[in-house]
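To keep things clear, I will list the structure first and then write my remarks on it.
For clarity, every value in this text was computed on a predicted model and none was experimentally measured.
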Amino acid sequence: MKADQELRSLKRGLKVLTLLNQTENVSITELARHLDLPRTTAERILLTLVAEGYVQRVPDDKRYRLSAKVCSLAEGFSEDCWIIQTATPMLFRVTEQIGWPLAISTPSGDRMILRSTTDPATSLWLNRRRVGAEIPILNSSSGLVAYTFSSPVEQTVLADLLRQSADPYNRERAATPQSLELLTRPVRENGFAFQPPPNNNPEHSIAFPIFVNGKYVASLLMIYMTRAMSCTTVVEKYVPHLRLLAEQIGRAAGARGNGDFDEEIGFPASWVNSTNGADIRQAS
């Protein structure tokens, strides 16, 4: 095709989709800079893609990311896309109730990748995590859940990968079947995982598996501050409801083909975080 027959606006739109696929999410200013476009042009392209359903605005943020619809352009449809599309509005609804940020992460190689977070929806003094952030599988609650609830075949492959990992936490904790068993047994028995020690960070997390049609696909996390809440309190106050949330996300994602999932998130009205931002700032 001759250059004068090409649609410049279409080429720009495809470049935007490519960039979003590589960077997870961008602001209008970042997009304009990356593609060397005027800001107004970048904004028009993004808003057009939003109107067509291929891009969505990150809730409570001025950033944009791909929607699940863009996956339909591919030959198959990534399970991750369905999970994020399904889970994100549910996570924000629950964060409004509890105050603590929630997140979804998925495994990639020997690391967990943050796919969605409600950090922007909380005013608590917590480290802000960006979508796309990575953490070693065996140094995270989400990674312990991912390894523990993967299929036996996937576990075998992953264990070999972790033993050869460049990350020392992965290598040391996967060094022997016994060391892996010590890490994963309580996760398997309890159905959730806390971050493995040592962990001197004042922020901790608890993670739950999300299953779609009986297969592990992602981890649900809640991030909290240890000075504001003990592990015992987390278990007593939040575990039953977070487990329910993980189950409902999995069912909602699994029902996507029929479009028949309209169940409300059944959290009790009393399930509200009694520790507000001021209390946490004083505790810290």
Would you please test His34 and Lys15 for side-chain contact (heavy atoms from CB on, under 4.5 Å) and show each step? CA-CA 10 Å; His34 276 290; Lys15 287 181 179 180; over 6 Å; no
Under 4.5 Å between any side-chain heavy atoms of Val16 and Val26, yes or no? no
Looking at Arg188 and Glu181, does any basic side-chain N land under 4.0 Å from a carboxylate oxygen? yes
For Asp110 and Ala166, which heavy atoms make the closest approach, and how far apart are they? OD2-N, 4.3 Å
In sequence, state the C-alpha distance, the side-chain angles, and the governing distance for Lys215 and Glu154, and then conclude on salt bridge (Lys or Arg N to Asp or Glu O under 4.0 Å). CA-CA 11 Å; Lys215 183 181 184 299; Glu154 291 170 332; 3.6 Å; yes
Does Pro152 offer a backbone N or O that forms a donor-acceptor pair with the side chain of Thr156 under 3.5 Å? yes
Heavy-atom closest pair, residues Val145 and Ala207: CG2-O, 3.5 Å
If we only count heavy atoms from C-beta on, is the Thr95 to Asp119 side-chain gap below 4.5 Å? no
If two hydrophobic side chains count as joined below 4.5 Å and joins carry through other members, does Ile28 share a cluster with Ile45? yes
Heavy-atom pair with the smallest gap, counting every atom of Pro196 and Ser141: CD-N, 4.3 Å
Heavy atoms, side chains only, cut-off 4.5 Å: are Val187 and Tyr147 in contact? no
Roughly how far, to the nearest 0.5 Å, is CE of Met222 from CG of Leu245? 11.0 Å
Evaluate the ring planes of Tyr216 and Phe211, with Trp represented by its six-membered ring, and classify them as parallel (under 30°), tilted (30 to 60°) or perpendicular (over 60°). perpendicular
What verdict does the side-chain hydrogen bond (donor to acceptor under 3.5 Å, both in side chains) test give for Asn25 and Arg65, after you've listed the backbone C-alpha separation in whole Å, the side-chain angles of each residue and the deciding distance to 0.1 Å? CA-CA 4 Å; Asn25 61 73; Arg65 63 184 176 208; over 6 Å; no
Euclidean distance, Leu14 CG relative to Leu19 CG, rounded to 0.5 Å: 12.5 Å
In terms of side-chain heavy atoms, does Ser105 have a donor or acceptor partner in Ser142 at a distance below 3.5 Å? yes
Interatomic spacing from CD in Glu247 to CZ in Phe208 - rounded to 0.5 Å: 10.0 Å
Decide yes or no on side-chain contact (heavy atoms from CB on, under 4.5 Å) for Leu162 and Ile137, but give the supporting numbers first. CA-CA 8 Å; Leu162 294 172; Ile137 279 184; 4.1 Å; yes
So, applying side-chain contact (heavy atoms from CB on, under 4.5 Å) with Leu102, which one of Thr117, Leu242, Leu221 is it? Leu242
Are Leu180 and Leu182 connected into the same hydrophobic cluster when the rule is that any two of I, L, V, M, F, W, Y join if their side-chain heavy atoms are below 4.5 Å apart? no
Indicate the atoms forming the closest heavy-atom contact of Tyr224 with Cys231, along with that distance. OH-SG, 3.7 Å
Could you tell me if the side chain of Met225 sits less than 4.5 Å from the side chain of His204, heavy atoms only? no
Using modelled atom types only, decide if a donor and an acceptor are shared between the side chain of Glu52 and the backbone of Leu49 within a distance under 3.5 Å. no
Under a 3.5 Å cutoff, is there a donor and acceptor pairing between the side chains of Thr233 and Glu236? no
Side-chain heavy-atom pair Gln56, Val50 within 4.5 angstrom cut-off: no
Verify the cluster assignment for Phe192 and Ile249: are they in a single hydrophobic cluster under the rule of side-chain heavy atoms below 4.5 Å apart? yes
Please name the pair of heavy atoms, one in Asn190 and one in Arg243, separated by the smallest distance, quoted to 0.1 Å. O-NH1, 3.3 Å
The reported gap from CG in Leu158 to CD in Gln155 (rounded to nearest 0.5 angstrom) is 8.0 Å
Looking at side-chain heavy atoms only, is the closest gap between Ile104 and Ser219 below 4.5 Å? no
Heavy-atom nearest pair, Ile223 first then Ala103, reads CD1-CB, 4.4 Å
Does the side chain of Leu47 come within less than 4.5 Å of Arg44's, by heavy atoms? no
Report whether Ile210 and Phe92 are members of the same hydrophobic cluster (ILVMFWY, side-chain heavy atoms less than 4.5 Å apart, transitive linking). no
Donor-acceptor contact present, side-chain Arg173 to main-chain Leu138, <3.5 Å: yes
So how far is it from Glu203 CD to Gln195 CD, rounded to the nearest 0.5 Å? 9.0 Å
Can you find a pair of side-chain heavy atoms, one from Tyr169 and one from Ile135, that are under 4.5 Å apart? no
Does Phe194 share a hydrophobic cluster with Met229, counting links as ILVMFWY side-chain heavy atoms below 4.5 Å and allowing steps through other members? yes
To the nearest 0.5 Å, atom CD of Glu96 lies from atom CZ of Arg93 at 9.0 Å
Are Arg111 and Asn170 linked by a side-chain donor-acceptor pair shorter than 3.5 Å? no
Ile98 and Tyr238: CA distance, side-chain angles, deciding distance, side-chain contact (heavy atoms from CB on, under 4.5 Å) verdict: CA-CA 9 Å; Ile98 66 176; Tyr238 293 98; 4.0 Å; yes
side-chain contact (heavy atoms from CB on, under 4.5 Å) for Lys62 and Ser27? Distances and angles first, verdict last. CA-CA 6 Å; Lys62 295 181 179 180; Ser27 66; 5.7 Å; no
